[in-house]
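This structure is a prediction, so every number in the text was calculated from the model and none was measured.
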Amino acid sequence: MNAVTIRVVLVLMVMAGWVANVVDVKGAFLHGDFTEGETIYMEVPQGWEQYYPKNALLRLRKTIYGLKQAAMAFWRQLLMCMKDMNMERSMADPCLYFSWTEHGLVIIVSWIDDNLIVGSVKAVKVMKSELMKRFECEDCGKLNEHVGCKITRVKGGIKFTQDVLLQSFENEFELPSGSVETPAKPGNVLTKGDPSLAVSPAVQTYFRSGVGKMIHLMGWSKPMISNAVRDCSRHMQMANESHIQAMHRIMQYCRDTKEQGLTLRPNDVWDGSRDYKFIISGRSDSDYATDPETRKSVTGTRVSLNGAPVSWRSTTQKHITLSVTESEESAGVTCAQDMLYIKNVLESIGLQVALPMILEMDNRGAVDLANSWSVGGRTR
């Protein structure tokens, strides 16, 4: 399951006025079959010894929980189920299935044993019934939460918030009083510092726990903290007191803005037809040679589908660029890759994308290079 794919599907849902229901397959890993020639035995479970001869072993006819084959075996069963339901699999995301029915397009996104069914009310009802005929399932109803996120309908869109995770910041971490206006101090870059000033192993674990929570938070409901969290995540091996303070500042900012969350609010409506052309746009930027130790730059990108943000990132570039133009060009390439992925997802389910897709950059040299308007020297 890809987080970007989930957001793309939810934007389609909002634009078309669809519904989204979740169906959970009960005992999913008990449905799998072994591949040909695969034979596995297990010891008699504790408490059942009286029913079997001494030193007996049991041959498994189906997969069970605990086997490394169980997940793959269930996935094969799910694939056969989708094929039997006339659902096609996306060539861009293997966990995305779709079908153009008499009730319009219906989409299923699977993650392990949970299946998100999106489409018109009639289409979802029919597909849910078909899936429940093939597996024993629990109907979880409307999509109100996902991977720890609360999903609420707002005017013209949907909103992601993570109240439980934000509450854990106050319960588990020693946050200072007061409020902050930004996730990090403007212009501040965290460096390794003196190894002799490194925190104790217990505090290092405390730091890792906090950064891990914030990584999940930035990926789903608070993209605005992405750059600050990226900076903290570079010091998971050896943090010092300044890194702890930086982590606390991000948590303070999240606490002060707990009502804010990612909102998917597209700027257009869709009638559900194949003729409509979706608009994918992107913006990229870079911070040249930010790291004073490695001289690596930082890439920042955001991709929108009809005005709704579906992909974003703040990452340290893998290579050392030699100029601002080169670092901006590298950021633009990363953003273009994300835009192409979203385009491939939409086209893989039979939808159209308006071309050209517009990528906005704020560096004249990088724009000229991208359009082949200039060439020469080290940037050729």
Side-chain angles (χ1 to χ4, degrees), residues 3-4 180-193 211 214-215 218-219 222-240 242-243 245-247 249-250 253 262 279-305 307-344 355-380:
V4 176
V180 294
E181 295 182 353
T182 57
K185 293 180 180 179
N188 184 55
V189 178
L190 300 178
T191 56
K192 289 183 179 179
V211 174
M214 293 190 300
I215 288 174
M218 78 176 190
K222 285 195 176 293
M224 67 286 285
I225 67 172
S226 296
N227 190 55
V229 174
R230 174 204 59 79
D231 208 10
C232 283
S233 67
R234 297 169 54 246
H235 304 282
M236 301 288 259
Q237 295 297 323
M238 189 175 65
N240 58 40
S242 65
H243 304 143
Q245 293 175 2
M247 179 187 72
R249 182 187 175 98
I250 302 172
Y253 175 82
L262 173 69
I279 299 174
I280 299 173
S281 59
R283 285 186 176 182
S284 69
D285 199 2
S286 75
D287 198 356
Y288 176 62
T290 301
D291 191 331
E293 297 162 346
T294 66
R295 305 304 295 169
K296 289 184 176 180
S297 305
V298 174
T299 286
T301 68
R302 187 214 66 197
V303 181
S304 299
L305 175 61
V310 292
S311 176
W312 57 86
R313 68 174 70 214
S314 176
T315 58
T316 302
Q317 294 181 0
K318 305 300 181 185
H319 51 283
I320 299 174
T321 52
L322 303 180
S323 67
V324 173
T325 294
E326 190 178 346
S327 68
E328 293 279 359
E329 190 78 1
S330 177
V333 169
T334 299
C335 188
Q337 290 173 327
D338 291 340
M339 294 169 71
L340 285 171
Y341 172 75
I342 296 167
K343 175 178 179 289
N344 291 339
L355 298 177
M357 299 184 293
I358 304 300
L359 167 59
E360 296 176 300
M361 307 165 68
D362 65 354
N363 182 274
R364 183 76 261 173
V367 171
D368 288 349
L369 282 171
N371 289 281
S372 299
W373 291 336
S374 66
V375 63
R378 292 179 300 173
T379 57
R380 181 164 50 203

Report, one line per pair, each donor and acceptor closer than 3.5 Å where one atom sits in a side chain of residues 296-303; sequence neighbours left out.
| unit_1 | atom_1 | unit_2 | atom_2 | d |
| --- | --- | --- | --- | --- |
| Ser297 | OG | Ala289 | N | 2.8 |
| Ser297 | OG | Thr321 | OG1 | 3.2 |
| Thr299 | OG1 | Gln317 | NE2 | 2.9 |
| Arg302 | NE | Ser304 | OG | 3.3 |

Is a donor on one side and an acceptor on the other found under 3.5 Å between the side chain of [X] and the backbone of [Y]?
X	Y	value
Ser286	Tyr288	no
Ser233	Arg230	yes
Asn363	Ala366	yes
Arg249	Thr182	yes

Atom [atom1] of [X] and atom [atom2] of [Y]: how far apart are they, to the nearest 0.5 Å?
X	Y	atom1	atom2	answer
Ile225	Asp231	CD1	CG	13.0 Å
Asp285	Ser327	CG	OG	8.5 Å
His319	Thr294	NE2	OG1	12.0 Å
Met224	Leu262	CE	CG	8.0 Å
Cys232	Ile215	SG	CD1	9.5 Å

Closest non-hydrogen atom pair, [X] against [Y]:
X	Y	result
Ala228	Ala184	CB-CB, 3.9 Å
Met361	Gly332	CE-CA, 4.1 Å
Leu190	Asn188	CD2-ND2, 3.8 Å
Ser314	Asn227	OG-OD1, 2.9 Å
Met247	Val211	SD-N, 4.0 Å
Lys192	Glu293	N-OE2, 3.3 Å

> Could you walk me through whether Leu369 and Thr325 pass the side chain to side chain contact (heavy atoms under 4.5 Å, CB included) check?
Replying inline: CA-CA 9 Å; Leu369 282 171; Thr325 294; 3.6 Å; yes

Report yes if some heavy atom in the side chain of [X] is under 4.5 Å from a heavy atom in the side chain of [Y]; otherwise report no.
X	Y	result
Tyr253	Lys222	no
Asp338	Val4	no
Glu328	Asp362	yes
Thr334	Ser284	no

Taking side chain to side chain contact (heavy atoms under 4.5 Å, CB included) as the test, write out the residues that go with [X], two or more places apart.
X	result
Ala239	Val199, Gln204, Phe207, His243
Pro292	Val189, Thr191
Arg364	Val367, Asp368, Trp373
Glu181	none

> Residues two or more places apart in sequence or in another chain: which of them pass side-chain hydrogen bond (donor to acceptor under 3.5 Å, both in side chains) with Glu329?
Replying inline: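 If we apply the side-chain hydrogen bond (donor to acceptor under 3.5 Å, both in side chains) test to Glu329, skipping adjacent residues, there are no hits.
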
> Given Leu340 and Met357, is the side chain to side chain contact (heavy atoms under 4.5 Å, CB included) satisfied, shown in steps?
Replying inline: CA-CA 9 Å; Leu340 285 171; Met357 299 184 293; 4.0 Å; yes

